[in-house]
Structures are given as C-alpha cells and as structure tokens.
J.: 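Here's a structure for you.
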Number of protein chains: 2
Amino acid sequence: MKNRDKALARLKETLETNGLRMTQQRIEVYLAVAASGCHPCVSEVHEMVRENLPTVSLDTVYRTLWKLSELGLVAPVSSSGDRVRFDAYMRRHHHFVCARCGAVYDFDSPSLDEIRIPEEAWSLGCVWNSHMELRGICLGCCNEGGGTEEGHAEG
Amino acid sequence: MKNRDKALARLKETLETNGLRMTQQRIEVYLAVAASGCHPCVSEVHEMVRENLPTVSLDTVYRTLWKLSELGLVAPVSSSGDRVRFDAYMRRHHHFVCARCGAVYDFDSPSLDEIRIPEEAWSLGCVWNSHMELRGICLGCCNEGGGTEEGHAEG
DNA sequence: AGTCTTGTTGAGAATTATTCTTAAGAAGTA
DNA sequence: TACTTCTTAAGAATAATTCTCAACAAGACT
C-alpha cells in the first residue's frame, strides 16, 4: 500500500469515526503535510494545496490543519521563533530543535522508539503518541558564528 | 541555595560567557519564567515583570524571551493552537500536550530521565537537553465531550 | 436519482500577535 | 569619571491568524 493510500485511508477512517466530512480540501491539506519531507508552515501548505485546488483559502488551510491536529492526524512542531509548522508523523521519528535558528531536524533512533510511555503520564489523559525532543545548536549555526555557550544544564 | 539565587547565577554566567549584559529587564523576565508553575505566554510574562518594572515594554519581553531561548535559558513549549509559551526547565520534566485544548502538562518520570541522548542525534549538532513529548487528549477534554477518536497510531 | 440536512468553505474584513525604527538610557570597562 | 556600545521604550508597522455569513457540497435518506 502506498503512503498516499495509507494516508487517505487513515484520514477517511478518522473523519468517519468522528462524524466529520471528507472534503477535497481536507484531503489535499492532509496529503500535502503527509508528503512533505520537512515541516511545512501554513502558507507553505497553502501553496502546495493550491496546485490542485486553486481557490482554496488561507483560512481554510488554517482551520483544516487545526482540525487535523485535534484529530491526531498532524501535530504542530516545536520550533524556536518561527511561525507554526506541522508534521504528519507518518513514520516514527524524533526531533532536534535548534535554539538559534529555530530549525527542527528529524532523526531516527531505534533505541528511543523502544521506550514505553510511563505510568505517570496516563493519569494526565489518553496518550496517543510520543517522541523525544532535543534542544541545542545545530551544525549550521555552530559553524556559522561560534555556538552559543549553553547556560542550561540537562533540562 | 534558593531557586531564585540559582537562576540568577545561571543567568549571570550565561550572559557573561556570551558577552551580553545583565539588565534588570533580563533578570525580571528570566525570574518570572523560572518562578512560574506553568508555561506563561508573552503577555503573562509581561504582566509579571511589570510588577517590579512598570515601564517595561511588551517588545522588550518578546526580545528578551527569544534571546534567553537562544541562550538555552528558556525554551518555547510545544502547544496546540495557542500563542507561544515558555518554560525555564529549572527541573527535569516531560510534557503531555492536549491536541484538543492545547494545554501542556508537566510530568515527572525517573525512567524517562535516565534515557541517554542517542548517537544519531549528535550528528545534528550540539545537544543541550532533552525531554519526552507526549500527545493525546487530556482528562479535562475527555470528560467534557467524548474524547476525539484517535486516528493516528504510535507516532 | 432527487431531496434534505448541516457541516464546511471562501471572500472580505477584522483581530491578534509580533516585530521594526530610532533616539535615549544604561551596563560594564578603562 | 568618561567612553563605548549594547539594550531599551514608545510609537508605529507588519505579519499571522481568526471572524462573519452566505453559498456550497458531503453524505444520508427516500
């Protein structure tokens, strides 16, 4: 099953289960984020979606992304100082956030993937998924102008 | 040593190390976030700081928070659909984010605290700290109106 | 296939959040 | 004390996001 088909099936199932409608706009927005190799911001998603749906409004993209987020189909990505960006988490991965430029890097880690959700968390609500968030200075910024000296111990 | 003194010492050291000045505004902003039991947004920090520095401008709070973030003294917190919020990570903890209301809950987990930063991450840059991010629906939202049915597997 | 219900959208407008500009203030050094 | 220059505040501007409401359309039912 191709990723696109998998994504569509997931979208359909989730919308149905929640009594929501499957619209072309929702399809295109979701596919845009799911197919994206990075973390697109709203206007980037808007541009992508407009290729197939030229009349789609920016507000629709906002509304759709937040609705997909509520449904767990996409999630806003931690970044530093940048407008909100989204990730469809089509595959398990973790994030490294640069404190300086705000870039968010994906990385894989089989060892981190093995970690169970601890009991303590379940008292807070229904947990859908987890990933590890790292924070520091990316290589680009390190090489650029002397990395910022970290003033914060293990967080 | 009290938390306040520890925070001040950390601020001072980090600013010095980076050739930056220690200003009253920076002190108050940092102490406000460090003393906060939750994750204050910019305007909340502004209100707190104004108690001791009534003329501080909102722009200064924004600038100071982003500068502190670059320095690793505070970090923006993942949230869903809310304006940006900050955490000083004075103590190691992890986050549970509600996909519905956007609330971010802290939780402690000794087992998660033990996790080492994997090798894969170090190729991306200099890692300062890590925490686990969980995503789901909080108890408040579950009890409120039938939790959103999750359409997304383990992320 | 047609009708109906109502969720969803788009265009235009409005609001909110954030950043810019620039002169003055102030932290820190000599 | 004088000097350098980083940092700030006030006012303005910009960018990001959300609202309003009539029209459209997804999906259920007949």
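Residue numbers begin at 1 in each chain, while the letters A, B, ... track the order of the sequences.
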J.: What is the distance, rounded to the nearest whole Å, between atom CD of B:Glu16 and atom C1' of C:dT29?
T.: 13 Å
J.: Check the phosphate of D:dT18 against A:Trp66, side-chain N and O only, distance under 4.0 Å to OP1 or OP2. Yes or no?
T.: yes
J.: Not counting sequence neighbours, which residues clear side chain to side chain contact (heavy atoms under 4.5 Å, CB included) with A:Thr23? List them please.
T.: A:Arg21, A:Gln25, A:Arg26
J.: Give me the bend of the helix from C:dA1-D:dT30 to C:dA30-D:dT1, using the axes of the five pairs at each end, rounded to 10°.
T.: 50°
J.: Polar-atom pairs under 3.5 Å, protein N or O versus N or O of nucleotides 8-12 of chain D: list them with distances, or write none.
T.:
from, atom 1, to, atom 2, distance (Å)
D:dT8, OP1, B:Thr23, OG1, 3.1
D:dT8, OP2, B:Arg63, NH1, 3.3
D:dT8, O3', B:Gln25, NE2, 3.1
D:dA9, OP1, B:Gln25, NE2, 3.4
D:dA9, OP2, B:Ser57, N, 3.3
D:dA9, OP2, B:Ser57, OG, 3.4
D:dA9, OP2, B:Thr60, OG1, 2.1
D:dA9, N7, B:Arg63, NH2, 3.3

J.: Which pairs pass salt bridge (Lys or Arg N to Asp or Glu O under 4.0 Å) with one or both residues in residues 76-87 of chain A, sequence neighbours excluded?
T.: A:Glu44-A:Arg85, A:Asp82-A:Arg85
J.: Expressed in angstrom and rounded to an integer, what is the separation of B:Leu20 atom CG from C:dA26 atom C1'?
T.: 15 Å
J.: Rounded to whole angstroms, how far apart are CG on A:Leu15 and P on D:dA28?
T.: 12 Å
J.: B:Val84 or B:Gln24: which one's nearest nucleotide on DNA chain C is closer to the 5' end?
T.: B:Val84
J.: Starting from C1' on D:dT17, measure out to NZ on A:Lys67 and report it in whole angstrom.
T.: 17 Å
J.: Can you check whether B:His94's main-chain N or O pairs, donor with acceptor, with B:His131's side chain at less than 3.5 Å?
T.: no
J.: Classify the side-chain pair B:Thr60/B:Ser57 by whether it contains a donor and acceptor separated by less than 3.5 Å.
T.: yes
J.: Using atom CG of A:Leu65 as one end and atom C1' of D:dT18 as the other, report the distance to the nearest whole Å.
T.: 14 Å
J.: Run through the side-chain heavy atoms of Ile, Leu, Val, Met, Phe, Trp and Tyr, join any pair under 4.5 Å, and report what else lands in B:Leu139's cluster.
T.: none
J.: Tell me whether A:Lys67 is salt-bridged to A:Glu70, with the criterion being a basic N under 4.0 Å from an acidic carboxylate O.
T.: yes
J.: Consider only side-chain N and O atoms of A:Asp113 and A:His93, and report whether a donor and an acceptor are under 3.5 Å apart.
T.: no
J.: Any pair with a residue in residues 44-77 of chain A that passes ring-ring contact (aromatic ring centres under 6.0 Å, His included), sequence neighbours left out, goes on the list, sorted by first then second residue, please.
T.: A:Trp66-A:Phe86
J.: Any side-chain donor paired with an acceptor under 3.5 Å for B:Ser130 and B:Arg92?
T.: yes
J.: Expressed as a whole number of angstroms, how long is the span from A:Tyr62:OH to C:dT15:C1'?
T.: 13 Å
J.: Let me know the distance between CG of A:Asp82 and P of C:dT18, rounded to the nearest Å.
T.: 12 Å
J.: Please state how far atom CZ in A:Arg83 lies from atom P in D:dT14, giving the value in whole angstrom units.
T.: 17 Å
